[in-house]
Amino acid sequence: VPQGLCLAGSYFLITAYDYKNELNSVVYVVSRSSKSYITTIVLPSKAKVGGIAYDGTNVWISKGKAVASFPYSVVTNAVNAGTSYTELAAYKSVSTLDSTASFMGYYNNVLWIGTFRQATSTMKGYQINNKATLPSLSPAYTMDVPSKTQGITFDSAGTMILTRSFVPINRPLLRQRVMERFSKIRR
């Protein structure tokens, strides 16, 4: 079941898990220029992966109440190997969280992680420490997000864009007001 998507260098990275829980979760690697599938990175567990983000050095994957990272070089090595798949033996780091990591995005050395909820939720921003060695996260920001938020990205100017499910398409003004109300970030 495909779940998350992020841009990473020359590639789109797409997370997916096996809904029967028989096979390990994966990251599909797709060319940004040709939009064609290149290879698959098989992750070291059957965890229900969801969000994915790229910080310029590492790829971050959400897996339940934790996020894990592996170096971007795993992606480039998998592409250069020319094989249909590469198995990731272990994550470089795993950070435990206090809630489920449903979605995530990266901007300006902050990894934003949120939980999908039917009601208003909170998303947290984490500073990334030691990117080149053993990445770790330090809580830095908290932000309320609307109910049913399921994705986050940033445009080139740093504007945060949230996606939601179950939002009526005939009520655009409601969506705009909700986003204004939830736009305050707290340290």
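- Under a hydrophobic clustering in which Ile, Leu, Val, Met, Phe, Trp and Tyr are joined whenever their side-chain heavy atoms come within less than 4.5 Å, directly or via other members, Tyr91 and Val29 fall into the same cluster.
- A pairwise comparison of heavy atoms in Thr86 and Thr83 identifies OG1-OG1, 4.0 Å as the closest pair.
- Environment of OH in Tyr28: sparse, with no more than 12 heavy atoms of neighbouring residues, nucleotides or ligands closer than 6.0 Å.
- A donor-acceptor pair is defined here as one N or O able to donate and one able to accept, closer than 3.5 Å; such a pair exists between the side chain of Ser93 and the backbone of Pro135.
- Of the residues listed (Leu97, Val94, Ile61), the one engaging Val67 in a side-chain contact (heavy atoms from CB on, under 4.5 Å) is Leu97, and it is the only one.
- Atom CD1 of Ile128 sits about 6.5 Å away from atom CG of Leu137, to the nearest 0.5 Å.
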message = Between Val27 and Leu43, does the side-chain contact (heavy atoms from CB on, under 4.5 Å) criterion hold? Intermediate values first, please.
response = CA-CA 7 Å; Val27 174; Leu43 300 174; 4.0 Å; yes
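- One finds the CG atom of Leu162 at 10.0 Å from the OG1 atom of Thr153 (value rounded to the nearest 0.5 Å).
- The backbone N or O of Ala101 lies less than 3.5 Å from no partner atom in the side chain of Thr115, so there is not a single donor-acceptor pair.
- Minimum heavy-atom separation, Gly51 to Thr15: O-CG2, 4.3 Å.
- Shortest non-hydrogen contact noted between Ile52 and Gly4 is CG2-C, 3.7 Å.
- Residue pairs meeting the side-chain hydrogen bond (donor to acceptor under 3.5 Å, both in side chains) criterion with at least one member in residues 51-67, sequence neighbours excluded: Asp55-Trp60.
- Residue Arg117 forms a side-chain contact (heavy atoms from CB on, under 4.5 Å) with just one option from Ser147, Ser102, Ser99, Pro146, and that option is Ser99.
- Within 6.0 Å of OH in Tyr37 there are more than 12 heavy atoms belonging to other residues, nucleotides or ligands.
- With ring centers used as reference points, Trp112 lies 6.0 Å or more from Phe103.
- Atom NZ of Lys46 has more than 12 heavy atoms from other residues, nucleotides or ligands within 6.0 Å.
- For the pair Lys92 (side chain) and Ala68 (backbone), a donor-acceptor distance under 3.5 Å is absent.
- One finds the CD atom of Gln127 at 5.5 Å from the OH atom of Tyr141 (value rounded to the nearest 0.5 Å).
- There is no path of hydrophobic side-chain contacts, each under 4.5 Å, that joins Leu23 to Leu88.
- Thr76 contributes atom OG1, which lies 7.0 Å from atom OH of Tyr11 (distance to the nearest 0.5 angstrom).
- Residue Lys20 places its NZ atom among 12 or fewer non-hydrogen atoms of other residues, nucleotides or ligands, all under 6.0 Å distant.
- With rounding to the nearest 0.5 Å, the separation of OG in Ser138 from CG in Leu111 is 11.5 Å.
- Residues Ser31 and Ile38 share a closest heavy-atom pair of N-CD1, 3.6 Å.
- Linking Ile, Leu, Val, Met, Phe, Trp and Tyr residues whenever their side-chain heavy atoms come within less than 4.5 Å places Leu7 and Leu5 in a single cluster.
- Between Phe12 atom CZ and Ser33 atom OG the span is 9.5 Å, to the nearest 0.5 Å.
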